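Here's the structure we're looking at; comments come further down.
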Number of protein chains: 4
Amino acid sequence: MTDKQIKIVQAAVEIFSEKGFAGSSTSEIAQKAGVAEGTIFRHYKTKKELLLSIVAPMMTKLIAPFAVKDFTKVLEADYPDVEQFLRAITVNRLEFARKHFPVIKIFMHEIPFHPDLREQFKETVASLVLEKAYKAIRHFQARGQLIELPAPTTMRLITSTIFGFLIARFLLLPDREWNETEEIDRTINFILYGLAPRS
Amino acid sequence: MTDKQIKIVQAAVEIFSEKGFAGSSTSEIAQKAGVAEGTIFRHYKTKKELLLSIVAPMMTKLIAPFAVKDFTKVLEADYPDVEQFLRAITVNRLEFARKHFPVIKIFMHEIPFHPDLREQFKETVASLVLEKAYKAIRHFQARGQLIELPAPTTMRLITSTIFGFLIARFLLLPDREWNETEEIDRTINFILYGLAPRS
Amino acid sequence: MTDKQIKIVQAAVEIFSEKGFAGSSTSEIAQKAGVAEGTIFRHYKTKKELLLSIVAPMMTKLIAPFAVKDFTKVLEADYPDVEQFLRAITVNRLEFARKHFPVIKIFMHEIPFHPDLREQFKETVASLVLEKAYKAIRHFQARGQLIELPAPTTMRLITSTIFGFLIARFLLLPDREWNETEEIDRTINFILYGLAPRS
Amino acid sequence: MTDKQIKIVQAAVEIFSEKGFAGSSTSEIAQKAGVAEGTIFRHYKTKKELLLSIVAPMMTKLIAPFAVKDFTKVLEADYPDVEQFLRAITVNRLEFARKHFPVIKIFMHEIPFHPDLREQFKETVASLVLEKAYKAIRHFQARGQLIELPAPTTMRLITSTIFGFLIARFLLLPDREWNETEEIDRTINFILYGLAPRS
DNA sequence: TATGAATGAGTATTCATTCAT
DNA sequence: GATGAATGAATACTCATTCAT
């Protein structure tokens, strides 16, 4: 990646996340990047390819924590109970969101309008992550730490809660003073009690 | 609203929700609506005004359930416990989402890119709804039915869960066979147990 | 055809014939036509469509003299001998070339680069004209007025000579003083003697 | 000429003859030649110069058979009658066309759009060749082997016929099975009889 | 000598918007 | 009120050409 290429990507991320893909013009990106418009197209055949070059690698990183070979072993070794497991992924994804927020924003906005992006997401992300996540859910259900609900339902409830936190934290109220550790505690407790086996 | 106007709005909703506002062209809307291009601009000064004419009324409807004068009285009269309250708004918003799904989709996609829309939302929706919602939360906290967390946190946890359900239902997996009543039960129980005062 | 549309076509003919299709820009055409660039594309979806709208009707006119139903009857009734037949088509095509010279020029230059144009030409023009032409050749061969060569060879020799005349007249030396009747006489005599049955 | 330069010229000939000069891009030529884009411009200052470097030498070769010093002597010594003369140039130009067909095609397509090319052609080719050709025509007229027509007219009739043959052979129907010797015979006989002094 | 990244003017085409009918 | 022809600025993208390496 040349120096100019990096500048192009940075400018594109900034502008895409601010105005959306369709609302951004390559001329504006070129200007912000300080390069000629033609330079963009030397590196990326189309505007869309530029978008993909930004968004695709993010997808890979998104699923990184689940891309371990022997997931069951990791579960057993590292996470004696659900709480620690949930806390780990929450903190981990919080940092991920903090770092890649603009790209994630672009991704979430564009995915409904680009069937190819959606397909790629389903194939790589969804299948891998869901498989692992369901495994984890059943793992903790078997240990009596989670209520016996269908895995997809459990998954939905957990995901909603964590995503809801991230959206509130970075999208809706990024400027509020956040006591992050406390909010994380509350969020995780909410999940734990919400999904605890009914006595 | 003339017959043509209705067709324009219908076409616009369809196309905006499919391609996004910036990705849609007025000529395409005119074509789908079966009117001349100029006709759109006779009724709406700009493309943006057409968007607002679609999205703004939806906002009003969105907050309708909270736009009652004596909210406390309603709470006391109609909802003896949290469960019935939560169930009522969940079912109610589920129907709302089912009915206005495309418009809601447009709204959620465009709000980050239109500061005026965002402002309008904050002023009308957020303030009114939040005020009422916080009131309800404190109401049930006072009755010992909800754990004593800050209202915004409680609000976030409830909203995440309900929105998560709606998103899963209509956006992510609209084609799956949904046993809606069961899923609603599980969702509400999740919230109730998650927010029950710790014994 | 609106007034502007006529101006666009006129300008396009002029510029295409001067610089070739690929060497002409739509902006230049718009300027010469005195219309906005967008106006061109309201009437013709693409630059290529503009080209076709110019060139296609010419093809139809080109074959007009051969598009008679009962060609044999026409031959028998109107042309007692080859000479009169040849003279008729030569004069006729001369006038045609004089009238449509720029369009013919465009056509001949572009046909090698547009397979669709070539195909259309083969289907409509070539098949119809060749069929009729071969019929005429055999007609006059049967009457002993033309040497017994294969029709395609005879056709080639006649066509070369007439086209050669038209090219010299309009393309190579348009500015020379031409004694047209005399040159036509010489040209036709050349063909007649060249194809007379050897005694 | 370096190895790369040869490849550039070969690629350029191929692409120019396929798409026309204006329709070809230097990048495509570079790609097909297997060199960097810049390399083309190291050898040829502009795209046009590349065209000229291809087309100009062909012009010289085109007139080669006429570029003999004592043309009259050659006529007397080598060609006892018109037939042999015509046959010689026909066969000779046939081979030339076979060998340089793509370049000839480029040349004929571009000459109307490049005044400088046209000028160069008129100066070198036309004047020299015409002078010699007229000399030959008058030579054979004086010997009673050609009808007494103005030399330009005679020249036109001969040239049309031979070019017509070449065009049919290589451009219009290159894939047909050609019995070349027979067609040459017919073509030359056509000219001979067409231009024989009327008895 | 050859490269290929970089340029910026230029390309065909689309767009939201206007306006005479 | 409705039309659709007309606009011209803007769009994504291509081009011939330059130049530092």
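Below, chain A is the first sequence line, B the second, and so on; all start at residue 1. Basis for what follows: all heavy atoms, side chains included, without hydrogens, waters or symmetry-related copies. None of the values given here were measured: they were computed from a predicted structure.
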*asked:* If the condition is side-chain contact (heavy atoms from CB on, under 4.5 Å), which residues does Q5(B) pass it with, not counting sequence neighbours?
replied: M1(B), T2(B), H43(B), Y44(B)
*How would you list, by chain and number, every residue that makes a side-chain contact (heavy atoms from CB on, under 4.5 Å) with I63(C), sequence neighbours excluded?*
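I63(C) satisfies side-chain contact (heavy atoms from CB on, under 4.5 Å) with V125(C), L128(C), V129(C) once adjacent residues are dropped.
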*Show your reasoning for whether side-chain contact (heavy atoms from CB on, under 4.5 Å) applies to T46(B) and E49(B).*
CA-CA 5 Å; T46(B) 62; E49(B) 204 180 286; 3.6 Å; yes
*Can you tell me which stems DNA chain F forms when a stem means 3 or more consecutive Watson-Crick or G-U pairs under 3.5 Å?*
E:2-21 with F:2-21
_Sub-4.0 Å heavy-atom contacts from residues 1-17 of chain C onto DNA chain F, ordered by number_ = T2(C), K4(C)
_If the condition is salt bridge (Lys or Arg N to Asp or Glu O under 4.0 Å), which residues does K4(D) pass it with, not counting sequence neighbours?_
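Per chain and number, K4(D) pairs via salt bridge (Lys or Arg N to Asp or Glu O under 4.0 Å) with no residue.
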_Sequence-distant partners of R98(D), salt bridge (Lys or Arg N to Asp or Glu O under 4.0 Å), two or more places apart_ = E95(D), E180(D)
Any idea which heavy atoms bring [X] and [Y] closest together, and the distance?
X: L51(B); Y: F16(B); value: CA-CE1, 4.0 Å
X: S24(B); Y: G20(B); value: OG-O, 2.6 Å
X: Q120(D); Y: A56(D); value: NE2-CB, 3.8 Å

Please list, one pair per line, the donor and acceptor atoms closer than 3.5 Å that link side chains of residues 28-37 of chain D to other protein atoms, with sequence neighbours excluded.
{"from": "E28(D)", "atom 1": "OE1", "to": "K19(D)", "atom 2": "NZ", "distance (Å)": "3.3"}
{"from": "E28(D)", "atom 1": "OE2", "to": "K19(D)", "atom 2": "NZ", "distance (Å)": "2.9"}
{"from": "K32(D)", "atom 1": "NZ", "to": "E14(D)", "atom 2": "OE2", "distance (Å)": "3.2"}

With the criterion being N/O to N/O and under 3.5 Å, what pairs connect the protein with nucleotides 13-16 of chain F, and how long is each?
{"from": "dC13(F)", "atom 1": "OP2", "to": "K47(A)", "atom 2": "N", "distance (Å)": "2.6"}
{"from": "dA16(F)", "atom 1": "OP1", "to": "S24(D)", "atom 2": "O", "distance (Å)": "3.1"}
{"from": "dA16(F)", "atom 1": "OP1", "to": "K47(D)", "atom 2": "NZ", "distance (Å)": "2.9"}
{"from": "dA16(F)", "atom 1": "OP2", "to": "T26(D)", "atom 2": "N", "distance (Å)": "2.7"}
{"from": "dA16(F)", "atom 1": "OP2", "to": "T26(D)", "atom 2": "OG1", "distance (Å)": "2.8"}

*First and last nucleotide of DNA chain E touching chain A, 5' to 3', heavy-atom cut-off 4.0 Å?*
dA5(E) to dG8(E)
*How long is the gap from CZ on F41(A) to CD1 on I8(A), to the nearest 0.5 Å?*
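Answer for the CZ-CD1 pair, F41(A) versus I8(A), is 10.0 Å.
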_Once side-chain hydrogen bond (donor to acceptor under 3.5 Å, both in side chains) is applied, do any residues pair with S25(A), and if so which ones, sequence neighbours excluded?_
S27(A)
May I have the list of side-chain donor-acceptor pairs in residues 100-115 of chain B shorter than 3.5 Å, sequence neighbours left out?
{"from": "H100(B)", "atom 1": "ND1", "to": "F96(B)", "atom 2": "O", "distance (Å)": "3.3"}
{"from": "K105(B)", "atom 1": "NZ", "to": "S17(B)", "atom 2": "O", "distance (Å)": "2.9"}
{"from": "H109(B)", "atom 1": "ND1", "to": "K105(B)", "atom 2": "O", "distance (Å)": "3.3"}
{"from": "E110(B)", "atom 1": "OE1", "to": "H114(B)", "atom 2": "NE2", "distance (Å)": "3.2"}
{"from": "E110(B)", "atom 1": "OE2", "to": "F21(B)", "atom 2": "N", "distance (Å)": "3.0"}
{"from": "H114(B)", "atom 1": "ND1", "to": "K48(B)", "atom 2": "NZ", "distance (Å)": "3.4"}

